[in-house]
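First listed ligand is number 1; within each ligand, the first listed atom is number 1.
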Amino acid sequence: MLLAIETSCDETGVALFSEDGSFIKHLLYSQVALHSPFGGIVPEIASRKQLEVLPHLINQLLKETYTDIKQIKAIAVTFGPGLIGSLLVGVSFAKALSWALKVPLIKIDHLEAHLSAIFLEKEVKFPFIGLLVSGGHTALFLVESFEDFKLLGHTRDDAAGEAFDKVAKLLNLGYPGGPKISELAEKGNRKAINFPRPLLEDPVLDFSFSGLKTAVLNYLKINPDFKVEDVCASFEDAVCEVLIKKTLKASKKFKIPRIVVAGGVASNKRLRELFLEEGQKNSIEVYFPSAEFCTDNGAMVGVLGWYKWKSKNFASLEDEPYARAKFKKYKY
Ligand code: KG4
Ligand code: ZN
């Protein structure tokens with residue numbers, strides 16, 4: 001069996017896959033309640049909690065699947081990008097276990113794992129355009145295979161999820177902001193406020209969301225009697241329009257009629273609806289993992305891990321975790 005571990009941020013995820021690639025089970029421990037009073041993730045708290053939780057979660061996974069630790073024949077773990085303290089916990093644990101059990105260690109990139117999560121539930125043909133939208137990242141990829149992820153564009157400042165979280169903070173809605181904004185937006189007028197759509201017409205496949213957040217802040221200052229539902233609805237639609245139009249632009253540019261959307265923000269209901277609508281209009285297939293696999297989890301690490309196990313793409317015990325994304329922009 002393959003054991004997969006994800007500890008790049010504030011979630012501890014572990015998963016088991018059998019030798020033939022079937023997904024057995026995953027367990028997830030979220031620290032969100034711990035960080036909520038601070039209005040965002042506190043890295044020091046995140047890594048300490050990872051250390052406390054990870055061994056127990058693995059024991060629980062083995063127990064619930066009646067697995068003996070000696071049945072583990074490979075270990076896949078997220079090496080980066082993410083919070084370095086949190087990453088070190090998972091990577092050190094995986095290295096130690098790989099050494100003790102004398103089984104291969106497999107190095108997984110967190111962004112590639114997010115974009116592979118779809119394969120837990122669906123077969124998608126390569127190549128596809130991958131949009132990764134989370135709290136830490138917003139990026140577009142041309143995914144040719146499990147070994148070939150080409151970065152087409154990324155955010156120049158805030159990630160989409162970060163924008164949701166920051167706007168929620170301005171509105172005193174608490175952390176994380178995405179689900180709360182989404183809920184209030186359902187009751188608002190989406191055309192009430194014409195917030196900017198940053199870089200929408202720019203041919204470069206990059207994003208920018210910090211100006212949009214500032215536009216919300218300015219609106220709130222000038223309109224103290226604002227209707228919170230309208231702000232949420234108008235903001236949500238501005239983010240969705242940029243994400244969808246840019247991704248469609250990439251799909252048309254590379255003539256690839258398949259899109260996979262992944263990451264925490266991919267669980268946004270409005271984004272899913274509008275994406276599917278636009279996909280249908282343009283004869284483009286749009287895929288989303290179920291909400292369970294949009295956020296950080298161990299199962300997405302296992303999907304890619306199993307593939308690398310079978311292709312004998314192993315890491316060395318000398319390899320170090322990395323905090324920043326490893327991708328260079330693909331020249332197109
Ligand atoms: O992928 P994820 O769990 O963690 C990172 O790797 O960042 O993403 C978390 C982000 C947070 O910013 C959160 O506000 C956002 O995803 N999010 C949402 C929704 N659910 C989570 N954003 C918009 N709408 C949602 N329904
Ligand atoms: Zn993530």
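- In summary, the atoms of ligand 1 found under 4.0 Å from a heavy atom of Pro179, numbered by their order in the structure, are 19 (C), 20 (N), 21 (C), 25 (C), 26 (N).
- Atoms of ligand 1 found under 4.0 Å from any heavy atom of His110, numbered from 1 in the order shown, are 6 (O).
- Gly178 CA, 3.5 Å is the protein heavy atom nearest to atom 18 (C) of ligand 1.
- Of the protein's non-hydrogen atoms, Val265 CG2, 3.9 Å is the one closest to atom 15 (C) of ligand 1.
- With waters left out, the protein N, O or S atoms under 2.8 Å from the Zn ion (ligand 2) add up to 3.
- Within 6.0 Å of CD on Gln280 lie no more than 12 heavy atoms contributed by other residues, nucleotides or ligands.
- The nearest non-hydrogen atom to atom 6 (O) of ligand 1, considering only Ile181, Asp296, Val167, Ile41, comes from Asp296.
- Of all atoms in ligand 1, numbered sequentially from 1 with element shown, those under 4.0 Å from a heavy atom of Gly161 are 12 (O).
- A salt bridge links Lys269 and Glu186; the closest N-O separation between the charged side-chain nitrogens and carboxylate oxygens is under 4.0 Å.
- Within the 4.0 Å heavy-atom criterion, neither part of His137 lies near ligand 1.
- Side-chain contact check for Glu121 and Ser290: at least one donor-acceptor pair (N or O, by modelled atom type) lies under 3.5 Å.
- At the top of the distance list for atom 1 (O) of ligand 1, counting protein heavy atoms only, stands Gly264 N, 2.9 Å.
- Regarding atom 7 (O) of ligand 1, its nearest protein heavy-atom neighbour is Gly135 N, 2.8 Å.
- Lys252 and Asn282 form a side-chain donor-acceptor contact under 3.5 Å, judged by distance and modelled atom types alone.
- When each of Phe293, Phe146, Phe17, Trp306 is paired with Phe119, the ring pair (Phe, Tyr, Trp, His ring centres under 6.0 Å) condition holds for Phe146 and for no other.
- For Glu147 and Tyr307, the side-chain atoms include at least one donor-acceptor pair closer than 3.5 Å.
- Of the listed residues (Phe226, Phe164, Tyr219, Phe195), just one forms a ring pair (Phe, Tyr, Trp, His ring centres under 6.0 Å) with Phe235, and that residue is Phe164.
- In this model, a donor atom of one side chain and an acceptor atom of the other lie less than 3.5 Å apart for Glu285 and Tyr287.
- The nearest protein atom to atom 12 (O) of ligand 1, hydrogens excluded, is given as Asp165 OD2, 2.7 Å; this is a heavy-atom distance.
- Close contacts between ligand 1 and Gly136 involve ligand atoms 7 (O) [criterion: under 4.0 Å to a heavy atom].
- The side chain to side chain donor-acceptor pair (under 3.5 Å) check on Lys329 picks up Asp206, with sequence neighbours excluded.
- Closest to atom 26 (N) of ligand 1, if we only count protein heavy atoms, is Asn268 CA, 3.6 Å.
- With no hydrogens or angles considered, no side-chain donor-acceptor pair links Ser210 and Asp158 at under 3.5 Å.
- For the residue pair Gln50 / Thr12, a side-chain donor-acceptor distance below 3.5 Å is found, with atom types taken as modelled.
- For the pair Lys269 and ligand 1, no heavy-atom separation below 4.0 Å is found.
- Rounded to the nearest 0.5 angstrom, Leu3 CG and Thr67 OG1 are separated by 9.5 Å.
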